Trainee: 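I'd like to ask some things about the structure below.
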Amino acid sequence: VLDWSIERTRTWCRDHPTWRVAAYETPAGARLLPIHATFDAAEDETFAFMDFVSADPLYQRMCRLQKCFRARVSPKPWRAGIAEHFRAGGTWPVRDPDKLTRRRDWVEAYERRSRGFASCRLATTVGDGAADAQVESIQRVHDEMCQADSELELA
């Protein structure tokens, strides 16, 4: 998936010479982060790119509905070896003291365990466009939170 995504991005960038895209390896494939400009999550150009690289339709739908982009910066629990799925009962904030204690315990165990994993790893940057300074600052935070520059196992 990663190699295919990189090749599709290269093709896109050849036709869009101002573009520059960071390509990350994830446990299930790839994450693409355009770094040459900021984008509106409802813009047609945003979804033209997403369609071209076959971005997950559910992710595209969430972007449109929520008018924002999201990237998972911590490992999915089951990929980090945490089998238990915490269920708080469907309400937030959690008010039941027993459920709140169980939630705190689960979060602490998850945070301890997830430190040993990265969420993604920077594979390459595609395109000849100049990086946008604002996006580069977001990318630095993303990479730090994901531990993208580490040698940790992806989860």
Side-chain angles (χ1 to χ4, degrees), residues 1-13 19-39 41 46-47 49-96 98-127 131-155:
V1 173
L2 177 64
D3 291 340
W4 184 89
S5 297
I6 291 169
E7 282 310 309
R8 286 299 280 175
T9 302
R10 281 193 178 115
T11 300
W12 177 272
C13 289
W19 277 62
R20 186 169 184 82
V21 180
Y24 293 85
E25 177 186 11
T26 67
R31 173 178 301 170
L32 301 172
L33 173 63
I35 57 174
H36 65 285
T38 59
F39 286 85
T46 300
F47 293 96
F49 175 68
M50 286 185 181
D51 286 339
F52 191 81
V53 297
S54 299
D56 177 41
L58 179 59
Y59 178 75
Q60 291 189 50
R61 185 168 176 242
M62 286 172 50
C63 290
R64 277 191 198 274
L65 292 173
Q66 298 172 355
K67 296 181 176 51
C68 68
F69 302 102
R70 293 175 177 238
R72 183 167 193 98
V73 295
S74 63
K76 290 186 176 175
W78 60 90
R79 289 186 179 142
I82 297 177
E84 178 191 358
H85 293 280
F86 179 78
R87 304 248 192 293
T91 60
W92 186 259
V94 178
R95 298 192 196 287
D96 179 311
D98 292 334
K99 289 180 181 176
L100 187 56
T101 299
R102 281 194 6 243
R103 181 185 186 284
R104 282 189 193 131
D105 292 346
W106 188 93
V107 169
E108 286 174 11
Y110 168 75
E111 288 177 348
R112 273 192 313 276
R113 180 75 177 143
S114 67
R115 282 187 204 111
F117 297 92
S119 302
C120 64
R121 182 164 295 114
L122 182 63
T124 191
T125 302
V126 178
D132 178 271
Q134 182 180 0
V135 179
E136 280 184 314
S137 67
I138 294 167
Q139 183 184 18
R140 279 191 296 277
V141 172
H142 166 271
D143 289 1
E144 182 180 318
M145 293 179 79
C146 293
Q147 300 190 73
D149 297 327
S150 75
E151 294 299 319
L152 295 173
E153 179 182 347
L154 295 176

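Since we're looking at a predicted model, the values are computed, not measured.
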Trainee: List the steps, then state whether side chain to side chain contact (heavy atoms under 4.5 Å, CB included) holds for H36 with V135.
Mentor: CA-CA 7 Å; H36 65 285; V135 179; over 6 Å; no
Trainee: Relative to the ring of Y110, is the ring of W106 parallel (under 30°), tilted (30 to 60°) or perpendicular (over 60°)?
Mentor: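 Parallel: the ring planes of W106 and Y110 meet at under 30°.
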Trainee: Could you walk me through whether T46 and F69 satisfy the side chain to side chain contact (heavy atoms under 4.5 Å, CB included) test, starting with their C-alpha distance in whole Å, then the side-chain angles of each, then the deciding distance to 0.1 Å, before giving a yes or no?
Mentor: CA-CA 10 Å; T46 300; F69 302 102; 3.6 Å; yes
Trainee: Which atoms form the tightest heavy-atom contact between I6 and A23, and what is the distance?
Mentor: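 Looking at all heavy atoms of both residues, the closest pair is CG1-CB, 3.8 Å.
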Trainee: Looking only at heavy atoms, which two atoms of S119 and V73 are closest? And how far apart?
Mentor: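 Residues S119 and V73, closest heavy atoms: OG-O, 2.9 Å.
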Trainee: Give a yes/no verdict on a cation-pi contact between R64 and F47, requiring under 6.0 Å between NZ or CZ and the six-membered ring centre and an angle within 45° of the axis.
Mentor: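 Positive - R64 is close enough to the ring of F47 and near enough to its axis.
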Trainee: Sequence neighbours excluded, which residues qualify as side chain to side chain contact (heavy atoms under 4.5 Å, CB included) partners of A71?
Mentor: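 Expected list: R31, H142.
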Trainee: Could you tell me if R8 sits above the aromatic ring of F52, with its cationic atom closer than 6.0 Å to the ring centre and no more than 45 degrees from the axis?
Mentor: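 Yes.
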Trainee: Just verifying a value: how many Å separate Q147 CD and S74 OG, rounded to the nearest 0.5 Å?
Mentor: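 Between atom CD of Q147 and atom OG of S74 there are 10.0 Å.
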Trainee: Atom CD1 in I35, atom OG in S137: separation rounded to 0.5 Å?
Mentor: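 Separation between the atoms: 11.5 Å.
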Trainee: Give a yes or no on whether Q66 atom CD has more than 12 heavy-atom contacts from other residues, nucleotides or ligands under 6.0 Å away.
Mentor: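 Yes - once you tally the heavy atoms of other residues, nucleotides and ligands closer than 6.0 Å, there are more than 12.
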Trainee: Quick one: closest heavy-atom pair of R72 and C146, and the distance?
Mentor: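 Looking at all heavy atoms of both residues, the closest pair is O-SG, 3.9 Å.
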Trainee: If you round to the nearest 0.5 Å, how far is CZ of R103 from CG of D98?
Mentor: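 Rounded to the nearest 0.5 Å, the CG-CZ separation comes to 15.0 Å.
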Trainee: In Å, rounded to the nearest 0.5 Å, how long is the span from CZ of F49 to SG of C13?
Mentor: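 With rounding to 0.5 Å, CZ (F49) is 6.5 Å from SG (C13).
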Trainee: For the residue pair A118 and S150, what are the closest heavy atoms and their distance?
Mentor: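 Nearest heavy atoms, A118 then S150: CB-OG, 3.8 Å.
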Trainee: Grab the two heavy atoms, one from C120 and one from T26, that are nearest each other, plus how far apart they are.
Mentor: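 C120 and T26 have their closest heavy atoms at CB-CG2, 4.0 Å.
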Trainee: Could you state the interatomic distance from CG (D3) to OG1 (T124), rounded to the nearest 0.5 Å?
Mentor: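 Between D3 CG and T124 OG1, I get 10.5 Å after rounding to 0.5 Å.
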Trainee: Do the side chains of K76 and P27 get nearer than 4.5 Å, heavy atoms only?
Mentor: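 No. Closest side-chain heavy atoms not under 4.5 Å.
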Trainee: Ignoring hydrogens, what is the shortest heavy-atom contact between R115 and L152? Give both atom names and the distance.
Mentor: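 Closest approach of R115 to L152, heavy atoms only: O-CD1, 3.6 Å.
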Trainee: Could you give the distance from CG (D143) to CD (E136), rounded to the nearest 0.5 Å?
Mentor: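 It is 11.0 Å, given to the nearest 0.5 Å.
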